[in-house]
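Written out below as structure tokens is the structure these notes cover.
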Amino acid sequence: MTKIKLPTIREIVDKYNLKASKKLGQHFLFDLNLTEKIARLSGVKENDVVFEIGPGPGGLTRSLLETRANIHVIEMDQRFLPALDQLNQFYDGKLTVHCGDALDFDLNALAKGKPFHVVSNLPYNVGTALLIQWLTTPELSWQSLTLMFQLEVAQRITAKVDSKHYGRLSILCAAIAEPELIMNVPASVFTPPPKVESAVVSLRPLPLQQRFDDLDTLAKITGLAFGQKRKMLRASLKPLSADLEINISIWLQSLKIDPTTRPENLHPDQFMQMAKAYKLATRIT
Ligand code: SAM
């Protein structure tokens, strides 16, 4: 029996009158060569569990389904449900659709304890919040994250110490993963085109024993340090001295960190060292 042919993404958008919503950060990919490339770079294989946030009309979803993996999509906009249902029929039930805000879903529970991948052309408005949630949720079993962001966010995720984009996000990512910018994507490939360029980032988790396990404290310290980026650490980290019951410069010197350093010149390992020492000193025994 020959299979029915799927309509193109553009035909789907026209058929269901899927006008892009600005509020939901909707910029669609119609070029299946590009979505195939993203699926290939993600390394997803047959029968893997994969989450895609915001499938929209389903371009990237199609390419992920071609791998024969089990795809879970989480979509907030119900207008896409008929198109996604059609995809599920075409790909023999390999697609599970969840409707709602991706921030509210427990991916471990949906994956039923199996490790999983996330591959997504993320909505700009919640992309960073989702990434931080995945990074900071303890025991979340992701094997890889392959995510499209606006270029500036991708640069922040992958930035190294002493560089322009280095900051809190770079350090949180480096604490538990190996982030890599794997593809630049021009605005012109989206419909409608966004105002800025985009890029795909890949994050692979570090081996368990190399991962930093207290992201909350690391988030607190990097938040203070980069909240006042132009200031030296002795000024920006001053609020910690009350908890530490010690002058902040003396505390930093005890860790062999120069109190006059600015945060962009401090290596992620040194932020992790501070987080560890802070936790130890403020732990209620
Ligand atoms: N994956 C499609 C593509 O590449 O053509 C669409 C990507 S578009 C940039 C982002 C998608 O995320 C939209 O379909 C939008 O409705 C959806 N979305 C926005 N906010 C969301 C949220 N909080 N939870 C789940 N989906 C969301």
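Atoms within each ligand, like the ligands themselves, are counted from 1 in listed order.
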For ligand 1, which atoms have a heavy atom of His27 less than 4.0 angstrom away? 7 (C), 8 (S), 9 (C)

Is there a donor in the side chain of Asn125 and an acceptor in the side chain of Lys22, or the other way round, less than 3.5 Å apart? no

For Gly100, take its heavy atoms, then give the atoms of ligand 1 lying under 4.0 Å from any of them. 24 (N), 25 (C)

For ligand 1, is there an atom lying under 4.0 Å from some heavy atom of Ser21? no

Quick test: of every protein heavy atom, which one is nearest to atom 4 (O) of ligand 1, and how far off is it to 0.1 Å? Asn121 ND2, 2.7 Å

Which residue and heavy atom of the protein sit nearest atom 13 (C) of ligand 1, plus the separation: Gln26 CG, 3.6 Å

N/O to N/O below 3.5 Å, does that happen between Pro123 and ligand 1? no

I need the nearest protein heavy-atom contact for atom 10 (C) of ligand 1: residue, atom name and distance, please. Gly25 O, 3.7 Å

Looking only at the aromatic ring of each residue, does the gap between the centers of Phe271 and Tyr278 stay below 6.0 angstrom? no

Indicate every side-chain donor-acceptor pair of residues 178-203 with a distance under 3.5 Å to a residue at least two apart or in another chain.
residue : atom : partner : partner atom : Å
Ser198  : OG   : Tyr124  : OH           : 2.4

Could you list the residues that satisfy salt bridge (charged side-chain N to carboxylate O under 4.0 Å, His left out) with Arg204, not counting sequence neighbours? none

Run the salt bridge (Lys or Arg N to Asp or Glu O under 4.0 Å) check on Lys220 and Asp243 step by step: do they pass? CA-CA 13 Å; Lys220 178 179 172 140; Asp243 299 341; 3.8 Å; yes

Identify the protein heavy atom lying closest to atom 1 (N) of ligand 1, giving its residue, its atom name and the separation to 0.1 Å. Gly54 O, 2.7 Å

Which residue supplies the protein heavy atom nearest to atom 24 (N) of ligand 1, what is that atom called, and how far is it? Ala102 N, 2.9 Å

Residues Thr146 and Ser42: side-chain donor-acceptor under 3.5 angstrom: no

For atom 16 (O) of ligand 1, tell me which residue out of Glu75, Met76, Arg79 has the closest non-hydrogen atom. Glu75

Counting only heavy atoms not in Gln210, do more than 12 sit closer than 6.0 Å to its CD atom? yes

Could you list the atoms of ligand 1 found under 4.0 angstrom from a heavy atom of Asp77? 16 (O)

Heavy atoms only: which of Leu24, Leu29, Leu18 lies closest to atom 5 (O) of ligand 1? Leu29

Salt bridge or not between Arg79 and Asp77? Use side-chain N to carboxylate O under 4.0 Å. yes

Check step by step if salt bridge (Lys or Arg N to Asp or Glu O under 4.0 Å) holds for Arg68 and Asp92. CA-CA 10 Å; Arg68 306 297 301 157; Asp92 311 320; 3.7 Å; yes

Could you list the atoms of ligand 1 found under 4.0 angstrom from a heavy atom of Ile74? 25 (C), 26 (N)

Using a plain distance cutoff, I'd like to know if Pro55 has any nitrogen or oxygen under 3.5 Å from a nitrogen or oxygen of ligand 1. yes

May I ask whether Asp101 places a heavy atom under 4.0 Å from ligand 1? yes

Leu60 touching ligand 1 at heavy-atom level, < 4.0 angstrom: no

Going by an N to O cut-off under 4.0 Å, is there a salt bridge joining Arg156 and Glu152? yes

Just checking Gln209: does its CD atom have more than 12 heavy atoms from other residues, nucleotides or ligands closer to it than 6.0 angstrom? yes

Does Phe80 have a non-hydrogen atom less than 4.0 Å from ligand 1? yes

Counting from 1, what ligand 1 atoms have a heavy atom of Glu52 closer than 4.0 Å? 1 (N)

Report yes if Asn125 has an N/O atom closer than 3.5 Å to an N/O atom of ligand 1; otherwise report no. no

Tell me whether ligand 1 is touched by Met148 - counting only heavy atoms on the residue side and a distance under 4.0 Å. no

Using distance alone, with no hydrogens and no angle criterion, decide if Thr61 and Glu52 have a side-chain donor and acceptor under 3.5 Å apart. yes

In terms of atom number and element, which parts of ligand 1 are under 4.0 angstrom from non-hydrogen atoms of Gly56? 14 (O)

Report yes if some heavy atom in the side chain of Ile246 is under 4.5 Å from a heavy atom in the side chain of Ser241; otherwise report no. no

